[in-house]
Amino acid sequence: MPRARISSRLLATTLAVAAASVATSVSAAPATPAAPDLKRQQPQINKILADISPKRMEAYVAKLVSFGTRHTMSETESETRGIGAARRWIKAELERCGAGTPLQVSFDSHIAPVSARISRPTEIVNVVATLPGTQEASKDRIYVVSGHYDSRVSDVMDYTSDAPGANDDASGTAATMELACVMAKHKFDATLVFMAVAAEEQGLLGARHWATQARQKNLNIAGMYTNDIIGSSRADNGKVDNKQVRLFSQSIPATKEMSETVRQLVATGGESDSLSRQLARHTKEQGERYVKGFKVTVIHRADRYLRGGDHMPFLEQGYAALRFTEPNEDFAHQHQDLRTENGKVYGDLIEFNDYDYIAKVTKVNAAALASLALAPAAPQNVKLRTDKLTNDSTLVWQANAEPDLAGYRIVWRETTAANWQGSKWVGNVTEATVDLSKDNVFFGVQAVDKDGNVSVATYPLPQR
């Protein structure tokens, strides 16, 4: 009996030790680190938005209008009239407000030959302000924002008549200048480029020159915004809508032949997961997050119906590019000779702008640009494994290089949904499985830094 009791005690002790050992091994297994707080607003971004001034932008617009006309072929020698005076003032103002900061301001020029909208060889000059990134792993990643400072009246070849262009596009130029001046006071991981471009009205000539040069230099343009006609909240029928802005976003490019990447998008149903659509989702999310009560309405078109803007040359070069435009254009105040007919005033005059509205659109730009330039790059070489038939989905990707990377998040949405609906934090790994069928949802992978800044999502291509 005593010997039996001792055996029972030994058995109980052995089982307890074994259980403790199992418990220890389980608790010691590596767990996925907690995700950074992705809902927390970044103090730096809030500070930028608080500094954006409607009154300052109204002064910018007034100064641009004071040059009489900013037609591409207008006067260049005068200090008070024409496009030459306008571009010199823009450059001087950016240099003034950027003094003591790393902001680098320069002219970017080329000679445009005679063409359908250029009657003589003409120098086309962009004003470019660059804020270099401060993180070694990110400084070559570039985000561009622009407005065009040229203007026109009814006849696109008329370069002598007054063409105030208060809305089209002094509003976008003022927004771009304000962004440069405010954001130059802050540091970002990636590089920001602020451009006042010329000759939009003559065929997107200034933007096309810069975008073409960027591609030839193999610049990493990770996203581009143009702000064109963001000045008025009042439609031609008098209705005021100051609570939204349109954001135009291209799907797959309309080319005669598909690239292999586009072919894979089409083959997997990812026509709405182009680089520009992913940028648009990010812009809407961040814009509405920081500018409360204001809606970013994503339009699934490259631009307004059969029309274009300065983002188009970037799209042509394969970059993600979007256009901001007010919700309802008033065509009596756009591309019009100055006149009054039957009591109705025609012309793009300063009094038709809404500067509080312009400020809201500028803040959306700022929130999106800052969040992009603070966040890691979008993950590269993202693949969806298809080597086995399963009802879950395994994604793999290449590791990011940023030193402040915290990990990755997988996002998804139903195939009929425009925006991401679900997400899963997976930690600092390069492969993860989600209990969702690839048949039923679209996936994306985002990189997240330790402060909770989130990259644009990358759509996975199939890995066989």
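We count residues from 1, following the sequence as given. Since we're looking at a predicted model, the values are computed, not measured.
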Do W420 and F443 have side chains that get closer than 4.5 Å, going by heavy atoms?
-> no
Any side-chain heavy-atom pair of W210 and V193 under 4.5 Å | yes
Answer yes when [X] and [Y] have at least one side-chain N-carboxylate O distance shorter than 4.0 Å, and no when they do not.
| X | Y | value |
| --- | --- | --- |
| K63 | E93 | no |
| R246 | D241 | no |
| E288 | K284 | yes |
| E200 | R208 | no |
| D228 | R323 | yes |
| E257 | R263 | no |

In sequence, state the C-alpha distance, the side-chain angles, and the governing distance for M177 and R56, and then conclude on side chain to side chain contact (heavy atoms under 4.5 Å, CB included).
-> CA-CA 10 Å; M177 293 174 67; R56 203 157 44 225; over 6 Å; no
Residues Q202, D150; criterion side-chain hydrogen bond (donor to acceptor under 3.5 Å, both in side chains); working and verdict | CA-CA 9 Å; Q202 308 326 110; D150 60 307; over 6 Å; no
Hey, is CD on E414 packed in by over 12 heavy atoms from elsewhere, all under 6.0 Å?
-> no
More than 12 heavy atoms of other groups within 6.0 Å of K91 NZ | yes
Quick one: is the NZ or CZ of [X] closer than 6.0 Å to the six-membered ring centre of [Y], and within 45° of its axis?
| X | Y | value |
| --- | --- | --- |
| R40 | Y290 | no |
| K55 | Y355 | no |
| R301 | F248 | no |
| R409 | W425 | no |

Side-chain (R120) to main-chain (M73) donor-acceptor, under 3.5 angstrom | yes
So D162 and V153, side chain to side chain contact (heavy atoms under 4.5 Å, CB included) or not? Walk me through it.
-> CA-CA 8 Å; D162 280 353; V153 288; over 6 Å; no
Any side-chain donor-acceptor pair under 3.5 Å between [X] and [Y]?
| X | Y | value |
| --- | --- | --- |
| H282 | S371 | yes |
| T130 | Q104 | no |
| Q135 | D404 | yes |

Anything under 30° is parallel, anything over 60° is perpendicular, the rest tilted; go ahead and classify H110 against H209.
-> parallel
Run the numbers on E271 and R277 for salt bridge (charged side-chain N to carboxylate O under 4.0 Å, His left out), then give the verdict.
-> CA-CA 9 Å; E271 294 91 341; R277 289 282 165 84; over 6 Å; no
Could you walk me through whether W412 and F442 pass the ring pair (Phe, Tyr, Trp, His ring centres under 6.0 Å) check?
-> CA-CA 5 Å; W412 59 84; F442 291 124; over 10 Å; no
Which pairs pass ring-ring contact (aromatic ring centres under 6.0 Å, His included) with one or both residues in residues 319-342, sequence neighbours excluded?
-> Y225-F324, H333-F352
